[in-house]
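Encoded as structure tokens, the structure appears first; notes follow it.
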Amino acid sequence: NQTVANQFFALIPANKITRIGDSSVRYTLVIDEEACNGLVGAGSEELNLNEVGLFMKNPKGSSTNASILVAYRTFSNVYKTSDFSLIFRWTLNF
């Protein structure tokens, strides 16, 4: 997990990555009851979750790590609390 300028990054564990077929892979990101709760900005304002992206770390095997955005979605503002989890699923077809 990493934070960069109000952006939060999470590592998807191997058990949440599933090969669906010869040309498809499903990634499941679970933001559980304990994660991303009560986020506040620099001015003490409440921060909502309203977008999610899937990055792949260095998929081309470059000598310099270069992550790329492979999936992105916006959604209505969600103020995350410990009352619920959020689950995001992507299936990438090659």
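All values below were derived from every heavy atom in this structure, side-chain atoms included, with hydrogens, water molecules and symmetry-related copies excluded. Positions are given from 1, in the same order as the sequence printed here.
The shortest distance between side-chain heavy atoms of N50 and N77 falls below 4.5 Å. No side-chain heavy atom of I17 sits less than 4.5 Å from a side-chain heavy atom of T28. Within the 4.5 Å cutoff, side-chain heavy atoms of L29 are placed close to those of V52. I31 has its side chain out of reach of F84: every pair of non-hydrogen atoms, C-beta onward, lies at least 4.5 Å apart.
Without hydrogens or angle criteria, D32 side chain to E34 main chain gives a donor-acceptor distance under 3.5 Å.
Linking ILVMFWY side-chain heavy atoms closer than 4.5 Å, directly or via other members, places L54 and V78 in a single hydrophobic cluster.
Cluster partners of I20 are absent, since no Ile, Leu, Val, Met, Phe, Trp or Tyr has side-chain heavy atoms less than 4.5 Å from it.
By the side chain to side chain contact (heavy atoms under 4.5 Å, CB included) test, N37 pairs with K80, S82, sequence neighbours left out. In terms of the ring-ring contact (aromatic ring centres under 6.0 Å, His included) criterion, Y79 has no residue partners (sequence neighbours excluded). With sequence neighbours excluded, the residues satisfying ring-ring contact (aromatic ring centres under 6.0 Å, His included) with F55 are F9.
Here CG of L11 is found 13.0 Å from NZ of K16. Values are rounded to the nearest 0.5 Å. M56 contributes atom CE, which lies 11.0 Å from atom CG of L69 (distance to the nearest 0.5 angstrom).
Listed by first and then second residue, the ring pair (Phe, Tyr, Trp, His ring centres under 6.0 Å) pairs involving residues 11-51 amount to none (not counting sequence neighbours).
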List the atom pairs, with distances to 0.1 Å, where a side-chain N or O of residues 87-94 and a protein N or O form a donor-acceptor pair under 3.5 Å, not counting sequence neighbours.
residue, atom, partner, partner atom, Å
T91, OG1, R26, NE, 3.3
N93, OD1, S24, OG, 2.3

